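In what follows, a single structure is set out as structure tokens and then discussed.
Fair warning: this is a prediction, and the values are worked out from it, not measured in the lab. Read the numbers this way: they start at 1 and go in the same order the structure lists the ligands and their atoms.
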Amino acid sequence: MKQSAYLVLNSGSSSLKFSLILSHNASTHLIGLAECLNSPDASISINYSETAKKQTISLPDADHKTILNKVLDVITAHSDKISLAGVGHRVVHGGEKFKASTLITNEVQQEIEACNPLAPLHNPANLLGIQQISTLMPELPQVAVFDTAFHQTIPEKAFLYALPYEYYQELGVRKYGFHGTSHQFVMQQAIETLDLDPESNGLITAHLGNGSSVCAIKNSKSIDTSMGLTPLAGLVMGTRSGDIDPGLHAFLVKKLDISLEQLTSILNKKSGLLGLSGETNDMRKLCQLAETGHLKAQIALEVFCYVLAKQIASLSVNLEQLNAIVFTGGIGENSALIRQKTVDNLAIFKLKLEPTLNKNNGDESGVISCSKTSSYKVMVIATNEELMIAKQTQSIIESGE
Ligand code: ADP
């Protein structure tokens, strides 16, 4: 008997991530990555979960269309076993228009396009994926799952910048926030694991990967987050600065005799952990360097954890209760050192981690805090944005919304 499955696509400008998730048990059938699109090195690598088989296909100069054609070929090669029920797309920016995931129609595509100025690097690439699937398999239902949607519950007092109000009204300048799918996924896991009331809870979720953000969640809704109009705001990241003094732009543009575009590129690509350490944006390597006594690597870790703790504390301000602080993402899920240093900076929260649990990235429920001394939990929960996208896609397609 054929198994129904959903294709999850994360279509970037030069890479494309995909996974095929089975409907009946939400397991991943295959996962793949196409890299170096539109270059001689373009290739697709695929991992098959069932057989642990790995496959690499070289497709020199392949564009999105060629890559997607090949991905669909690979899936239809399994058509005796798998029947594709729909495609879920990660779309970075849904502006204020999209407060939830949605079935993609021509009108929805136009509305996503209207959000392009807010995410000029990401949304056009996401749309390319949507358009190619429409061309190659026009009958297949497609769903857009937005990085920004979960944060649409943030109240005005938290999403407005103190700028002339018409910049918000006319230009859409406000905090949007990102990583919404991940924050929502780990929130649901935490609520389930801790058996919390979905209508009455308080959580802080910290998604720490190459890009990082913190989210404050009250009664299962995002009420504030550290990223802003763009993903440059908030925490120290791999190569992004996070929050800086807005007066710094004018100072540096003049002192370094560079353009605003050059400075923006420095803040996005040469700052953060890379800028501070002068060595790497990779947290694992940075921790190793710090251990060998590398001073700038140690400083980079200190700043990262201090800013993270400060964001956790400041975003907690409007919570009425706190049930758990949840760490996720490559750094959050794997680095006991970063979690410990962050908690050390939160002395006022009176938290204590249980060293063995922290070292092991949590017990089976993900808890790493001492049950005796902490009034609420610190947890490690592995994020799974693909699964979240597949579940939302399935739910929307099955309900015909
Ligand atoms: P992305 O945002 O690209 O999805 P990930 O969530 O995979 O990134 O996170 C990547 C980051 O996680 C890298 O900085 C990597 O070094 C870090 N990381 C992974 N494992 C560890 C570890 N054991 N200790 C410290 N950092 C780690």
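- Scanning Met283, Met237, His207 for the heavy atom closest to atom 13 (C) of ligand 1 points to Met283.
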Side-chain donor-acceptor contacts of residues 60-72 below 3.5 Å, not counting sequence neighbours, with atom names and distances?
from: Asp63; atom 1: OD1; to: Lys65; atom 2: N; distance (Å): 3.3
from: Asp63; atom 1: OD1; to: Thr66; atom 2: N; distance (Å): 2.9
from: Asp63; atom 1: OD1; to: Thr66; atom 2: OG1; distance (Å): 2.7
from: His64; atom 1: NE2; to: Gly12; atom 2: O; distance (Å): 2.8

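- Each of the atoms 24 (N), 25 (C) of ligand 1 lies under 4.0 Å from some heavy atom of Ser335.
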What pairs of donor and acceptor atoms, side-chain ones from residues 304-315 against any protein atom, are under 3.5 angstrom apart with sequence neighbours left out?
from: Gln311; atom 1: NE2; to: Asp243; atom 2: OD2; distance (Å): 3.3
from: Ser314; atom 1: OG; to: Lys310; atom 2: O; distance (Å): 3.2
from: Ser314; atom 1: OG; to: Gln311; atom 2: O; distance (Å): 3.3

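- With Tyr168 as the aromatic partner, Arg174 does not meet the cation-pi criteria of under 6.0 angstrom to the ring centre and within 45 degrees of the ring axis.
- Taking all atoms of both residues into account, the shortest heavy-atom contact from Gly293 to Gln298 is CA-NE2, 3.5 Å.
- Counting protein heavy atoms under 4.0 angstrom from atom 5 (P) of ligand 1 gives one or more.
- Considering backbone and side-chain N/O atoms, Lys17 never comes within less than 3.5 Å of an N/O atom of ligand 1.
- Between the side chains of Arg339 and Asn361, at least one donor N or O sits under 3.5 Å from an acceptor N or O.
- Ion pair Lys218/Glu320 flagged as a salt bridge, since at least one NZ, NE, NH1 or NH2 atom sits closer than 4.0 Å to an Asp/Glu carboxylate oxygen.
- Short contacts between ligand 1 and Gly209, defined as distances under 4.0 Å to a heavy atom of the residue, involve ligand atoms 2 (O), 5 (P), 6 (O), 8 (O), 9 (O).
- With respect to Glu279 and Lys285, no salt bridge is recorded, no charged nitrogen being found less than 4.0 Å from a carboxylate O.
- The nearest protein atom to atom 26 (N) of ligand 1, hydrogens excluded, is given as Arg284 N, 3.4 Å; this is a heavy-atom distance.
- With distances taken over non-hydrogen atoms, the option nearest atom 3 (O) of ligand 1 out of Leu301, Leu208, Asn210, Asn10 is Asn210.
- Under a cut-off of 6.0 angstrom, the local environment of CD in Glu192 is sparse, with at most 12 non-hydrogen atoms contributed by other residues, nucleotides or ligands.
- The shortest contact between atom 17 (C) of ligand 1 and any protein heavy atom is with Ile331 CG1, 3.7 Å.
- Scanning the protein heavy atoms around atom 16 (O) of ligand 1, the nearest turns out to be Asp282 OD1, 2.8 Å.
- The residue from Gly332, Ala336, Gly330 that puts a heavy atom closest to atom 7 (O) of ligand 1 is Gly330.
- Closest to atom 23 (N) of ligand 1 among all protein heavy atoms lies Asn334 CB, 3.4 Å.
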